[in-house]
There are 2 protein chains.
Amino acid sequence: MRKVSESTVKRLSRYYRVLRLLEKEGYVTVSSKELAKIEKLTPAQVRKDLSLFGSFGTRGLGYKVLELKEKIASILGLDKTWKVALIGVGNVGSALVSYKEFAKQGFLIKLLFDNDQRKIGKNHKGIIIKDVKDLVKELKESKIEMVIIAVPADQAQKVVDQVVKAGIRTILNFAPANIKVPDQVFLRTVNMAMELEHLSFALINQI
Amino acid sequence: MRKVSESTVKRLSRYYRVLRLLEKEGYVTVSSKELAKIEKLTPAQVRKDLSLFGSFGTRGLGYKVLELKEKIASILGLDKTWKVALIGVGNVGSALVSYKEFAKQGFLIKLLFDNDQRKIGKNHKGIIIKDVKDLVKELKESKIEMVIIAVPADQAQKVVDQVVKAGIRTILNFAPANIKVPDQVFLRTVNMAMELEHLSFALINQI
DNA sequence: TTAACCTTGTGAACTCTTTCACAATTATGA
DNA sequence: TCATAATTGTGAAAGAGTTCACAAGGTTAA
């Protein structure tokens, strides 16, 4: 496959959300011009993004909403369900367990881990919290495909090392730490403080 | 000021974190080569980023850790404190109130809002939760500079409109919704499901 | 059926970002 | 003090990503 940029993937996620909405509102077709307007992009950008994966439109008409939505779902891997484990059932972890958007997109949190003896064995929103000691064994047995890290920063690297050892190739990290993984592992880090820093930069520099 | 790209700002945040760490470990100087190695970038990239804001280094030696850290802090606006209000004290909102990194960087959550009568008036981690009805008045009175949105998606636009009306110019949004703001307002949206979609894309397409 | 209109898909042009490469400058050790 | 080594800062080159512009193909209405 031709190279797909980070920005293109992000925009696909956005198109997907717009299409879901348009579908609900009863729209049958949508043009690149309309999509672009909604997302504040150029029509050419929208067409270029989509053309990386095939020709989904009809000249003179545009794209069929339902069809394009499903195409993008398939490109992003949203037409299947993913088994996800979450490590660290603290403040952030608990919030993520309740985060509806995950399940809506097929990301099903199947396992929870913590290292706190008071939490281990407890039922949290229908899932028994397991001991992080058994991480590698449990991840393998449950055929988990993705892992979300929500442990304190100083424990994150250690936990990630275990996760990698269990053969997991995709990790979403919420710990504010600079984590290292082997090349073949996909790691994305969400750092909420860095998002605020971006805003304070914008404010100070009056962009 | 010359144009500073989104990517540059993100990298500055990362440099800042590395420098904080290096300082703690007792390093006095650091070269662009070393910084680049830690962040998996090229030395030229590091120097180019910094050169946008001035000449902070010493040829033959590198950068003084403490000095560079402070320069970047000043660029990002981390050398002052920011008054932040958080709207929506649900799962995500509560997690954010407890998020240590915010305070560490000078982002102080001063006000909490919700629309749930059972929560309004209650003390949450030392802050009395206020009625979102009084949003505009309270934001103005408390001289809030930034707002974090953690309300359900279907209420987000309405709340943001109020925030904008109160004169706030920087908003960090955690609601999975496509929010519109006037041009002069800086809005960043963190969509955690979109981060997972990025990972599933990577996994499917075996990048 | 036909003419007028609309919209896609895509090379080419353009713009933005990253990397290269090297002069200039400072540090270091004999 | 001087030669050697290290490292910055920055124009120029290379590489990526975005927008332009238009031929090709499809729609619509009379």
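Just so we're on the same page: letters track the sequence lines, and every chain starts at 1. Computed over heavy atoms, backbone and side chain alike; hydrogens, waters and symmetry mates excluded.
Rounded to 10 degrees, the angle separating the terminal helix axes of the helix from C:dT1-D:dA30 to C:dA30-D:dT1, each built from five base pairs, is 20°.
Interatomic distance, B:Leu112 CG to B:Ile127 CD1, rounded to the nearest 0.5 Å: 4.5 Å.
Distances were taken from every side-chain heavy atom of A:Lys3 (C-beta onward) to each of C:dT8, D:dA21, D:dG17; the shortest belongs to D:dG17. When each of C:dT7, D:dT18, C:dG9 is scored by its nearest atom to the side-chain atoms of A:Ser55, the top-ranked nucleotide is C:dG9. The listed nucleotides are C:dT19, D:dT27, C:dT10; the one nearest the side chain of A:Leu61 is D:dT27. In this structure, the nucleotide among C:dT17, C:dT19, D:dG17 sitting nearest to the side chain of B:Ser5 is C:dT17. Nearest nucleotide to the A:Arg47 side chain, out of C:dT18, D:dT8, D:dA21: D:dA21. Candidate nucleotides D:dT10, D:dT19, D:dT27 were compared by shortest atom distance to the side chain of A:Lys48, and D:dT19 ranks first. Set against C:dA27, C:dT8, D:dT10, the side chain of A:Ser32 has C:dT8 as its closest nucleotide.
Here the P atom of nucleotide D:dT8 and the CG atom of B:Asp49 are 13 Å apart, to the nearest Å. Rounded to an integer number of Å, the gap from B:Lys37 NZ to D:dA6 P is 16 Å. Atom NZ of B:Lys64 is separated from atom P of D:dT8 by 14 Å (rounded to the nearest Å). Regarding B:Lys10, its NZ atom lies at a distance of 12 Å from the P atom of C:dT17, rounded to whole Å. Atom CD of A:Gln45 and atom C1' of D:dA16 are 12 Å apart (whole Å). Whole-Å rounding puts the A:Lys71 NZ to C:dT8 P distance at 16 Å. Note: CG (A:Leu52) to P (C:dG9) measures 12 Å, nearest angstrom. Rounded to whole Å, the distance from CD on A:Glu39 to P on D:dT18 is 14 Å.
Salt bridge annotation for A:Glu145-A:Lys80: present, with a cationic side-chain nitrogen under 4.0 angstrom from a carboxylate oxygen.
At distances below 3.5 Å, not a single donor-acceptor pair connects side-chain atoms of A:Asn173 with backbone N or O atoms of A:Arg188. B:Ser200 places a side-chain N or O within 3.5 Å of a backbone atom of B:Glu197 that can act as its donor or acceptor partner. The backbone N or O of B:Ser13 lies less than 3.5 Å from a partner atom in the side chain of B:Arg17, making a donor-acceptor pair. Side chain of B:Glu138 to main chain of B:Asp134: no donor-acceptor pair is present (N/O by atom type, distance under 3.5 Å, no hydrogens or angles). Remark: the backbone N or O of B:Ser31 is paired with a side-chain donor or acceptor of B:Glu34 at under 3.5 angstrom.
The shortest distance between the side-chain N/O atoms of A:Thr58 and the OP1/OP2 oxygens of C:dT8 is not below 4.0 Å. In this structure, B:Tyr63 reaches the D:dG9 phosphate: one of its side-chain N or O atoms is under 4.0 Å from OP1 or OP2.
Ring geometry for A:Trp82 against A:Phe107 counts as parallel: the plane angle stays under 30°, on a 0 to 90° scale with 60° as the upper cut.
Looking at which nucleotide of DNA chain D each of B:Lys33 and A:Ser7 is closest to, the 5′-most match is held by B:Lys33.
Below the 3.5 angstrom threshold, one finds a donor paired with an acceptor across the side chain of A:Arg59 and the base of C:dT8.
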